[in-house]
Amino acid sequence: MAEIHTSPDTLPAVSTRMHTPGGTALQGLGRTSRRDFWWLQPGIVAAGFGAFIVYSLFSALVWQPMFHVPYEVDGYLSPFFSPLIQPNWLPWWISPAVLILWIPLGFRTTCYYYRKAYYRSYFADPPACAVGEPTIHRRYAMERAFPFILQNIHRYFLYLAFIPLLFLWIDALYSFVNTGPRFGLGGLVLLVNAGLLTGYSFSCHSLRHIVGGRLDCFSCSSLARVRYRAWQRLTGLNQDHMLWAWVSLVSVALADLYVRLLAWGVLVDPAIRL
Amino acid sequence: MPVGRTHRLRHLRVFRGTPEDGGELVEYSVPVQEGMVVLDALHWIQANRAPDLAVRWNCKAAKCGSCSAEVNGRPTLTCKTRLSDLPEDIPVQVEPMRTFPLVRDLVTDVSWNYEVNRRITPFTPPEDAPEEAWRWQQEDIERVQEFRKCIECFLCQDICHVLRNHETRNPFMGPRFLVRAAGLELHPMDRADRTPYLRDGGGIGYCNITKCCTEVCPEHIKITDNAIIPLKERVADTYYDPVQVAWRKLFGRRSEGGSGQPIPGQPSADGS
């Protein structure tokens, strides 16, 4: 059996690194020995987030001021605008969504799942496991320095995120009665959206830490035991944090789209009025 | 294993060489049987074609962590990677762990890891509690038990892009040692506070939680979710949370956590 000798697709050993083991890994964007479609997953994530970002920016900032498609119709309020704050000083060309959207935006931007997703898909840091990244990254300090050190305030965005979440539940429940008792598909859409956003918020890593992760001893007091039981439940939710992140992202966009299409007259809300 | 007519041939491209010669990929044809793993194929090459092939291995049961390598570009234990699970239309490429300096062929120098390990404050029980008085409940210890499954194969270190691709100005301990630190920090009997080390000497801020370490762990330890993120949150408690910082300034101690808690198994102040 013949042995075939070929040159490896590698660079010489990097021996000048500081504080790192000094190996022979391939350096440079996309350089890898992986044989699978490693680019597929970050590509899908980038496309999914990109679609959401474009849609949400258009819907929250442009659709109503420029194209006069209301964000509230027949007792249904788009989740991008809840709670609805319309101060007199706000110019007509600035959407009231900007007064509230910074909270969920900050919550999701600093979220541990989204960090993984966008570091991989948009920053190529790394683009995929065991795949080379741009050499410009090599001395980048990641979450040790500004701006990414600000990721550490995730817990404060979590606290704030419960405010719009509460209003989303109120909006969803109130939509069943605010134009007279009715059971409409729009109410159901808003209710499911509020439920999925609740799942996303309660599966948060920071909440899990605050509830029980700070404790070293779960059996040392009756309060610690209560917190342990809550921590266990949140741990169960946390295992699917990525799933909650995606389904709640899709649901909030779909709920907004549903309200907009009702307002535009494209759809008619199927409802049973009592 | 004799080369019989019933055996199919698989092609392997195996890295051969030393740091001095730069190395090359050498292709071997290996007769394979059902159930063979990559390490079996390497052993066949060693026995029949290249007796000088350097391969580190020991238990062949995915428990010693010795046979770590990169197969088709992915860090893995060669004793746990079946040839039948790899694409048949291309040669199986076997390379050493690329994050560590090459010694020869598939063997790398992983001693850097042991130097990092020595910098972590070891288990520090309370001085006033004799060892025979130590008691804890299952719920107190089960988080830590997950971390004890680590076999130190260093695949997580190998795939970590901070160690693999970055030149850090400060040290970064890597996922294996964040797991070890979590096993100590979250231990109910431990009294040391490692958060200053984790932030500065351990460089936990370099981790941007891209979860590659979790993906390759052969023991399925949820490294990112259960070790790194809880430690990042504790570092945030200590350094980046103004409410926690104010609490410590007012009361002179951590608001919660390892230090200052009652010894497990002993009655607490509330009588429970």
Could you check whether any side-chain N or O of B:D140 sits under 3.5 Å from a backbone N or O of A:S219, counting only pairs where one atom can act as donor and the other as acceptor? yes

Contact class of A:D125 relative to chain B, heavy atoms under 4.5 angstrom: both

With rounding to the nearest 0.5 Å, note down the distance linking CG in B:D225 to NE2 in A:H205. 3.5 Å

Contacting region of A:H209 [heavy-atom separation from chain B under 4.5 Å]: side chain

Checking B:P242 against chain A: side chain, backbone, both or neither under 4.5 Å from a heavy atom? both

B:E185 side-chain N/O to A:D216 backbone N/O, donor-acceptor pair under 3.5 Å: no

Hey, what do you get for CG (B:D241) to OG (A:S206), rounding to the nearest 0.5 Å? 9.5 Å

Side-chain donor/acceptor of B:R234 to backbone N/O of A:G213, under 3.5 Å: yes

Check each atom of B:P101 against the heavy atoms of chain A and say whether the ones under 4.5 Å are side chain, backbone, both or neither. both

Side-chain heavy-atom pair B:E233, A:R155 within 4.5 angstrom cut-off: yes

So for A:Q151, is it side chain, backbone, both, or neither that comes closer than 4.5 Å to the heavy atoms of chain B? neither

Between the CE atom in A:M142 and the OG1 atom in B:T210, the distance rounded to the nearest 0.5 Å is 9.0 Å

Nearest heavy-atom contact between A:Q27 and B:N165 is OE1-ND2, 3.3 Å

Spacing of A:H241 atom NE2 and B:I229 atom CD1 [to the nearest 0.5 Å]: 8.0 Å

Against chain B, label A:Y140 side chain, backbone, both or neither, depending on which of its atoms sit under 4.5 Å from a heavy atom there. both

Heavy atoms, side chains only, cut-off 4.5 Å: are A:S33 and B:E70 in contact? no

B:R74/A:D36 ion pair, N-O < 4.0 Å: yes

N/O donor-acceptor pair under 3.5 Å between B:R98 side chain and A:A130 backbone: no

Chain B contact via A:Y228 - side chain, backbone, both or neither, heavy atoms under 4.5 Å: side chain

Under 4.5 Å from any heavy atom of chain A, what part of B:V243 do you find: side chain, backbone, both or neither? both

Most contact-rich option vs chain B, by heavy-atom pairs under 4.5 angstrom, among A:R115, A:H137, A:R120, is A:R120

Using non-hydrogen atoms only, which part of A:I149 is less than 4.5 Å away from chain B: side chain, backbone, both, or neither? side chain

Would you check if there is a donor-acceptor pair between the side chains of A:E133 and B:H166 at a distance under 3.5 Å? yes

Restricting to non-hydrogen atoms, name the atom on A:N152 and the atom on B:K232 that form the minimum distance, rounded to 0.1 Å. OD1-O, 4.5 Å

Atom pair CD (B:Q137) and SG (A:C217), whose distance is rounded to the nearest 0.5 Å: 8.5 Å

Is the backbone of A:R144 close enough, under 3.5 Å, to the side chain of B:R199 for a donor and an acceptor to pair up by distance? no

